[in-house]
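Report on one structure; see the data block that follows.
What you see below is based on every heavy atom in this structure, not just the backbone, and it leaves out hydrogens, waters and symmetry mates. Residues take their numbers from the sequence shown, with the count starting at 1.
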Amino acid sequence: MGSDDTPAPGAATRESATRARTRRAILDAAVSVLTADHSASLGDVAEAAGVGRTTVHRYFPERSDLLAAIGTDVRDRVAAAADRARLDEGPAPEAMERLCLEYFELGDRMLLLYDVPQFVAWSGIEEESAADLSLLALVRRGQQDGTLDPEVDVSWLQDVMWALLYAAWIQARDQGTPKHTALSLCLRTLRKAVAP
C-alpha cells in the first residue's frame, strides 16, 4: 500500500464525527417532522435534515429502523437526564423536582414515543430502566426520611410524576400554554401530590 492510500492523520476521527453529526441531524429532524405529522415519509425527514433521501436510507434503511433509533435515543436521553438530576443528592422532593426539570425538556420526544403506534412495539419501553429504579429508590428514601408521603405506594408516586409531566407537555403543545407556565404547574401539583 503506497503512501497515497494512507489516510491523513485524524481522517477517521473526522469521518466518525461527521457521521455522528449527520445521524444526530436526521434523528432531530425526524422527531420534529414526525411530531407534526406521524405519517411523514423518510423523504420529509431528509428534507428537514438538509440531506438527500439516499443519505437517510444509508443510516436508516427502513422507517422502522428510524423509529427504533428514535426509541433508543429517547431511552439514552432519559438515562442522561436522570444522571444530571443527581437523584441521590439532597432532600428527596428537591431531587424529584430536578428530575422533572430534566425530563420536561424531553417533551417532544416523549410525546412522540407515546403518540406513534409503532413505538408501542419497541421492546425496551415497558422494561424498568436504571432511571426508573433510581426514581423508585429516591421515593423510598423520601418516604423513609419523612419528606415524601409514606402512605402512598412508591410506584403510584412514580406514575403521578409521569402523568403530571405528560399533562404539562400536552398543555404546552395543545393549549399553547407557555412552557415555563406548564412546568410551574407541573411542579406545584407534584409538590402537593408527594407532600407528607
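Shown here is Arg86, whose CZ atom has more than 12 heavy atoms of other residues, nucleotides or ligands within 6.0 Å. Within 6.0 Å of CD on Glu89 lie more than 12 heavy atoms contributed by other residues, nucleotides or ligands. Other residues, nucleotides and ligands contribute only 12 or fewer heavy atoms inside 6.0 Å of the CH2 atom of Trp156.
The CG atom of Leu164 sits 11.0 Å away from the CG atom of Leu183 when rounded to the nearest 0.5 Å. A distance of 14.0 Å separates CZ of Arg140 from CG of Asp145, quoted to the nearest 0.5 Å. Between Ser32 atom OG and Asp44 atom CG the span is 11.5 Å, to the nearest 0.5 Å. Distance CG/Leu187 to CZ/Phe104: 9.0 Å, rounded to 0.5 Å.
In this structure the side chain of Leu136 reaches within 4.5 angstrom of the side chain of Gln158, judged on heavy atoms. Looking at Thr35 and Arg109, their side chains never come closer than 4.5 Å, going by heavy atoms from C-beta outward. Residues Leu27 and Leu66 meet the side-chain proximity criterion, which asks for heavy atoms closer than 4.5 Å. Side-chain atoms of Val45 and Ile26, non-hydrogen and from C-beta on, do get closer than 4.5 Å to each other. Residues Met110 and Val74 are in side-chain contact: their nearest non-hydrogen atoms beyond the backbone lie under 4.5 Å apart.
Taking all atoms of both residues into account, the shortest heavy-atom contact from Ala82 to Ala131 is CB-CB, 3.7 Å. Between Cys100 and Leu165, the shortest heavy-atom distance links the atoms O-CD2, 3.8 Å. Smallest separation of non-hydrogen atoms from Gly90 and Arg141: O-NH1, 2.9 Å. Residues Ala182 and Thr177 share a closest heavy-atom pair of N-CG2, 3.9 Å. Closest of all the heavy-atom pairs between Leu113 and Gly71 is CD1-CA, 4.2 Å. Closest of all the heavy-atom pairs between Cys186 and Ala168 is CB-CB, 3.8 Å.
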Checking side chain to side chain contact (heavy atoms under 4.5 Å, CB included) for the pair Arg173/Ile170: CA distance, chi angles, key distance, verdict? CA-CA 5 Å; Arg173 184 187 75 181; Ile170 292 294; 3.5 Å; yes
Test Thr22 against Thr55 for side chain to side chain contact (heavy atoms under 4.5 Å, CB included), laying out the working first. CA-CA 9 Å; Thr22 302; Thr55 300; 4.0 Å; yes
Steps toward side chain to side chain contact (heavy atoms under 4.5 Å, CB included) verdict (Tyr166, Leu111): CA-CA 8 Å; Tyr166 184 81; Leu111 286 175; 3.4 Å; yes
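Side chain of Gln143 to backbone of Asp149: a donor-acceptor contact under 3.5 angstrom is found. At least one donor-acceptor pair under 3.5 Å links the side chain of Thr72 to the backbone N or O of Ala68. No donor-acceptor pair under 3.5 Å is formed between the side chain of Arg98 and the backbone N or O of Pro93. Remark: side-chain polar atoms of Asp37 are not paired, donor with acceptor, to backbone N or O of Leu34 under 3.5 angstrom. Judged by distance alone, the side chain of Asp83 and the main-chain N or O of Ala80 form no donor-acceptor pair under 3.5 Å.
Taking a cutoff of 4.0 Å between a charged side-chain nitrogen and a carboxylate oxygen, Asp73 and Arg23 do not qualify as a salt bridge. One finds a salt bridge joining Arg77 and Asp28 here, because a Lys/Arg side-chain nitrogen approaches an Asp/Glu carboxylate oxygen to under 4.0 Å. A salt bridge does not link Arg53 to Glu47: none of the charged side-chain nitrogens sits closer than 4.0 Å to a carboxylate oxygen.
Ring orientation note: the planes of Tyr114 and Trp169 are tilted relative to one another, at an angle of 30° to 60°.
Residue Val160 is not grouped with residue Leu185 when hydrophobic side chains (ILVMFWY) are merged at heavy-atom distances under 4.5 angstrom, including chains of intermediate members.
Residues Thr18 and Arg21 bring a donor and an acceptor atom of their side chains to less than 3.5 Å of each other.
Partner of Met96 under the side-chain contact (heavy atoms from CB on, under 4.5 Å) criterion, out of Thr147, Leu101, Leu87, Leu135: Leu135 alone.
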